[in-house]
Number of protein chains: 2
Amino acid sequence: MNHPTPKVPVPTLERMATYLACLTDLNEKQVQTISSADMEQMTNINAAQFRKDLSYFGEFGRPGIGYSVPELAGRISTILKVDREQPVLLAGAGNLGSALAGYPALRRENFHIVAAFDTDPDKIGSRLWDLDIHDIAQAPAMNRALNAKIGIIAVPAAAAQGVAETLVSAGVTAILNFAPVSLRVPAGVAVRNVDFVQEMAVLSYHLAG
Amino acid sequence: MNHPTPKVPVPTLERMATYLACLTDLNEKQVQTISSADMEQMTNINAAQFRKDLSYFGEFGRPGIGYSVPELAGRISTILKVDREQPVLLAGAGNLGSALAGYPALRRENFHIVAAFDTDPDKIGSRLWDLDIHDIAQAPAMNRALNAKIGIIAVPAAAAQGVAETLVSAGVTAILNFAPVSLRVPAGVAVRNVDFVQEMAVLSYHLAG
DNA sequence: TAGATTGTTAATCGATTAACAATC
DNA sequence: TAGATTGTTAATCGATTAACAATC
């Protein structure tokens with residue numbers, strides 16, 4: 001068996017997403033070709049880093065020429081699997097959940113929130129944008145039809161672990177977690193944490209005084 | 001001159017915020033003392049890592065005993081400067097800005113959004129929770145009284161660079177940026193980026209198929 | 001005292017960057 | 001061909017983890 005991409009560093013994956021965003025822009029501007037040095041200009045990411053990152057996945061450029069913008073964009077899309085529509089379950093229909101469901105960039109990048117869940121009886125049965133809000137307990141049953149593999153957790157910290165377990169039992173294998181807790185999930189389930197308070201605290205450290 | 005903390009790695013600062021959140025919980029539960037091994041249990045962060053992180057800032061524990069929960073929480077609060085109220089400017093009064101302004105955890109952790117700005121004439125003059133929404137052009141003038149050092153950018157990508165420059169000219173030296181662009185800021189201005197689409201793309205990569 | 005746990009040094013690991021032969 | 005730029009190897013840098021003397 002052939003393992004073409006044994007283990008790609010997470011920072012490389014993060015930068016791959018950055019490259020793709022940049023290339024999508026360039027593509028709209030009809031730019032045909034870029035070099036790794038051009039990329040460094042635009043993203044502040046070292047040109048050697050860019051080439052090294054790509055090397056985890058194959059060869060993409062031509063020596064002396066550079067990279068075809070549309071081709072590279074397409075190939076990175078395929079690598080990151082953002083070239084196909086991806087259904088997403090949203091747990092938590094509060095302010096943050098609402099902002100995420102109403103965030104056009106997610107849908108534009110092929111992430112389609114297809115169901116919203118909450119535990120609050122006042123919310124269940126009401127609407128979030130164009131979605132009905134369901135009881136989180138319904139997630140496993142509903143996801144048999146929806147078949148979403150990605151879940152977003154936008155619930156209070158105290159509820160997050162239970163919600164994560166429900167999502168996993170619904171078949172979710174990747175979770176974007178906005179609750180400030182360290183989730184325990186089975187092996188094979190990917191988790192990315194976004195913690196606003198942590199971000200603000202890191203900034204706070206850098207203040208003078 | 002004495003530089004007690006020459007350069008602390010950013011991952012260390014991120015973990016410091018995690019430790020503080022954990023210690024705050026423990027403090028509420030009246031836990032008196034913890035060891036680095038206990039901390040590893042709770043946060044999944046290696047015990048040696050925890051001790052190493054703290055060592056950038058001084059000595060905090062007692063060999064054979066462990067760490068006093070309230071004392072350590074207090075000292076980390078001081079290090080991160082989250083022990084005092086911090087005024088924050090919010091640029092962007094859309095869905096995300098609204099979610100941030102309505103997020104109780106921020107205020108609870110001493111980050112007080114004291115002014116909201118936008119460029120949309122329909123929004124300027126209206127309200128966001130208990131805040132008036134002002135023209136972003138007013139930020140420098142208003143911040144002479146508010147004196148906020150931290151700004152949050154929750155505007156569309158195309159507007160973000162201009163908003164960043166306005167915030168910097170208003171005296172902001174730390175920016176939490178939700179727009180998917182690489183901001184150019186003067187030396188001495190700290191920036192942290194949060195990019196939902198990037199996070200989703202990294203998760204997407206990990207999906208099977 | 002014996003057992004536990006710290007703070008720190010040294011070893012390991014992994015990621016970033018520089019250098020350059022290959023090649024368009 | 002000469003100039004430009006890739007892909008990759010080697011060198012550097014920095015962060016994580018293990019080990020252990022110090023000490024409560």
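Chain identifiers are assigned alphabetically (A, B, ...) following the order of the sequence lines, protein sequences preceding nucleic acid strands; residue numbering begins at 1 within each chain.
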How is Gln49(B) classified with respect to the nucleic acid when contacts are heavy atoms under 4.0 Å: base, sugar-phosphate, or nothing?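 Base contact - Gln49(B) has a heavy atom under 4.0 Å of at least one base atom.
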
Quick one: label Thr12(B) by what it contacts on the DNA or RNA (base, sugar-phosphate, nothing), any heavy atom closer than 4.0 Å.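 Nothing: the residue Thr12(B), judged by heavy atoms under 4.0 Å, touches no strand.
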
What integer distance in Å separates [X]:[atom1] from [N]:[atom2]?
X: Phe50(B); N: dT5(C); atom1: CZ; atom2: P; answer: 13 Å
X: Met39(B); N: dT5(C); atom1: CE; atom2: C1'; answer: 16 Å
X: Asn44(B); N: dT16(D); atom1: CG; atom2: P; answer: 15 Å
X: Ile34(A); N: dT6(D); atom1: CD1; atom2: P; answer: 8 Å
X: Glu14(B); N: dT16(D); atom1: CD; atom2: P; answer: 10 Å
X: Glu40(B); N: dA18(D); atom1: CD; atom2: P; answer: 9 Å
X: Arg75(A); N: dG7(D); atom1: CZ; atom2: C1'; answer: 13 Å
X: Lys7(B); N: dG14(D); atom1: NZ; atom2: P; answer: 7 Å

Do Arg62(A) and Tyr67(A) meet the cation-pi criteria used here (NZ or CZ under 6.0 Å from the six-membered ring centre, within 45° of the axis)? no

Nucleotide of [options] approaching [X] most closely (side-chain heavy atoms):
X: Tyr67(B); options: dG7(C), dA22(D), dT16(D); value: dG7(C)
X: Pro9(B); options: dA15(D), dT17(C), dG7(D); value: dA15(D)
X: Ser35(A); options: dT6(D), dT6(C), dA18(C); value: dT6(D)
X: Arg15(A); options: dT17(D), dT23(C), dT16(C); value: dT16(C)
X: Asn46(B); options: dG7(C), dT17(D), dC24(C); value: dT17(D)
X: Lys52(B); options: dA18(C), dC24(D), dT9(C); value: dT9(C)
X: Arg51(A); options: dT17(D), dT8(D), dA18(C); value: dT8(D)

Is there a Watson-Crick or G-U wobble partner for dT17(D) with both distances under 3.5 Å, and if so, which one is it?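 Because both required distances fall under 3.5 Å, dT17(D) counts as paired with dA10(C).
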
My understanding is that a pair needs two contacts under 3.5 Å, Watson-Crick or G-U wobble. By that rule, which nucleotide pairs with dT5(C)?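 dA22(D) is the nucleotide pairing with dT5(C).
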
Just by distance, no angles: are the side chains of Ser35(B) and Asp38(B) close enough, under 3.5 Å, to form a donor-acceptor pair?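 Result is yes, a qualifying pair exists.
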
Do the side-chain N or O atoms of Ser36(B) get closer than 4.0 angstrom to the phosphate oxygens (OP1, OP2) of dT5(C)?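 For dT5(C), OP1/OP2 do not have a side-chain N/O of Ser36(B) under 4.0 Å.
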
Ring centre gap for Tyr103(B) and Phe178(A) strictly below 6.0 Å: no

5' priority, DNA chain D, between Ala48(A) and Ile65(A) [closest heavy atom]: Ile65(A)

Walking DNA chain C from its 5' end, the first of Arg62(A) and Gly58(B) to be reached, judged by nearest nucleotide, is Gly58(B)

Residues Arg51(B), Glu40(B): salt bridge by 4.0 Å N-O rule: no

Salt bridge check, Arg75(B) against Glu59(B): does any charged N sit closer than 4.0 Å to a carboxylate O?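 No, Glu59(B) and Arg75(B) are not salt-bridged.
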
Heavy-atom donor-acceptor pair, Thr12(A) side chain to Val8(A) backbone, under 3.5 Å: no

